[in-house]
Number of protein chains: 2
Amino acid sequence: MTASLRDRPEGRSRDDMLEHAARLFAEKGYDAASMRDIAEEVAVRPSSLYHHFPSKERILFEICYGFQRDFNLEVLPELRADRSPEAAIRAAIRSEILFSNRRWSQVRVASRERRSLPRELQAPINALRRQYRDAMAATIERGCREGVFSVPDPKLAAMAVLDMISGLGHWFKPRDRSDLERMAARYGDAAVAMLRGWGAATAG
Amino acid sequence: MTASLRDRPEGRSRDDMLEHAARLFAEKGYDAASMRDIAEEVAVRPSSLYHHFPSKERILFEICYGFQRDFNLEVLPELRADRSPEAAIRAAIRSEILFSNRRWSQVRVASRERRSLPRELQAPINALRRQYRDAMAATIERGCREGVFSVPDPKLAAMAVLDMISGLGHWFKPRDRSDLERMAARYGDAAVAMLRGWGAATAG
DNA sequence: TTCCCGCACGAACGATCGTTAGGTTGACCG
DNA sequence: CGGTCAACCTAACGATCGTTCGTGCGGGAA
């Protein structure tokens, strides 16, 4: 049946450890979740974790970096230049919302516990995040050049859209798939409305 | 000169302790910042902190609750009904951005470290936050009835606007006052643009 | 002056933390 | 069969945590 009897009989593989750790970090916070907590969740003694990871810090890093890497692999292509800026933004937003929903725990860990990492481990993660943000800003700027968007500052607009979506990822729990898709569509609408009218909605 | 010689000669009052604690909690996180860290910052021995607060948990609560209370006191009145919905939203956003900038550390602590509190201490803080969110949603709904806004769901729109602004509060560091005011105006524009066009920007 | 008490102190408590050392198991390879 | 090695174990290390205890000081009241 299974490939080998040496394989973990239950969910005790390296990836399972990362997943359980992510869930605990998301629920209790990085510092409040102990190695003993993680070990108990995986049904393993604390010392056994050190056969797979050199430190607790490294576990956090792998969760954060792995998430952001997969995130960029899945979401970034949606912003490719052969799409209209509006379609690209909508697709990216939908992809981000779907992805963030699929990896619920890791979203929270990557955004809220990243600061527990030393600077040199934060850097590669921040670089990935910046890459996505720049791509979003470039798409918005393209939309402005084509006259479909109008914003005072594309980079600022990208931050606003990203904050809006990542905020959603912190509280929105869809009932089912259609609920999720509806929310993705609505947030696409919201972002497009903002990007279209921002420049014209000057106060006073 | 001073009112009394019994007063703290330097910044060692109860409020100073809360302020230093907030800064440490914001920088290192609630769990990573120890009572000894706080004591050192205030130039006091750790045990002395317990003459002012019964526990570390209580310090966190007073920071979070005090912030949200002052927040509502300052920002909520901007949403009063004798203003046009658009003006109310703009004023509230400006007020929130200014207030959050003035209380930089506490914003971060109240939003990111609140979960370290037990449920019964989170409840009153959440109630205050919900009060603000409901007021924002009511203002948006009023704007829809008056025909100036168009959104599929006022509560969802309120969450989107709030997430956008609180996201800003986590990364935006203004150079000076005019920089801050310009950002407040721009985010007001962004929110108004979104609330106006959301309903009309349906995809497909 | 004497008493009082708010406030800060030094020292230590027990608990829990991340991590390590050393031993045991058992599937695989020659 | 005997050797190898990854994986897991038990036990414990030193450090640090939040917190408590008993004491000392010093200004205001009596």
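Naming convention: chains lettered A, B, ... in sequence-line order (proteins, then strands); numbering from 1 in each chain. What's counted below: heavy atoms across the whole structure, side chains too, no hydrogens, waters or symmetry copies.
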Minimum-distance nucleotide (side-chain atoms of A:Met35 versus D:dT19, C:dG18, D:dC9):
C:dG18
ring-ring contact (aromatic ring centres under 6.0 Å, His included) partners for A:Phe25, two or more places apart
A:Tyr30
N-O pairing of B:Arg90 and B:Asp189 below 4.0 Å:
yes
Answer yes or no: is there an ion pair linking A:Glu74 with A:Arg103, defined by an N-O contact shorter than 4.0 Å?
no
Any salt bridge between A:Arg94 and A:Glu181, counting N to O under 4.0 Å?
yes
Kindly point out which of D:dC8, C:dT19, C:dA12 is positioned nearest to the side chain of A:Arg12?
D:dC8
Calculate the interatomic distance between A:Lys28 atom NZ and C:dC17 atom C1'; express it in whole Å.
12 Å
Side chains of B:Val109 and B:Phe67 in contact at under 4.5 Å (non-hydrogen atoms):
no
Base, sugar-phosphate or nothing for B:Ala33? Non-hydrogen atoms, less than 4.0 Å.
sugar-phosphate
Once you apply a heavy-atom cut-off of 4.0 Å, does A:Ser34 come out as touching a base, just sugar-phosphate, or nothing?
sugar-phosphate
Is there a residue in residues 54-67 of chain A whose heavy atoms reach under 4.0 Å of DNA chain C, and which residues are they?
A:Ser55, A:Lys56
I want to verify a distance call: between C:dT19, D:dC8, D:dG18, whose nearest atom is closest to the A:Met17 side chain?
D:dC8
Without decimals, in angstroms, what is the distance between A:Glu40 CD and C:dT16 P?
13 Å
Would you indicate whether the side-chain heavy atoms of A:Ile140 and A:Trp198 approach each other to under 4.5 Å?
no
Using OP1 and OP2 only, check whether a side-chain N or O of A:Ser47 sits under 4.0 Å from D:dC9.
no
Atom-pair distance (CZ on A:Phe53; P on D:dA7), nearest Å
11 Å
Rounded distance (Å) that lies between atom P of D:dT16 and atom CG of A:Asp31:
14 Å
Check: B:Glu86 and B:Arg196 side chains under 4.5 Å, non-hydrogen atoms
yes
So, does B:Arg45 get its side chain near the phosphate of C:dA8, meaning an N or O under 4.0 Å from OP1 or OP2?
no
Between atom OH in B:Tyr50 and atom P in D:dG18, what is the gap in whole Å?
7 Å
To the nearest angstrom, how far is B:Leu49 atom CG from C:dC7 atom P?
13 Å
Would you state whether a donor and an acceptor, one from the side chain of B:His51 and one from the base of C:dA8, lie under 3.5 Å apart?
yes
For A:Arg36 and C:dT20, what is the distance between atoms CZ and P respectively, to the nearest whole Å?
13 Å
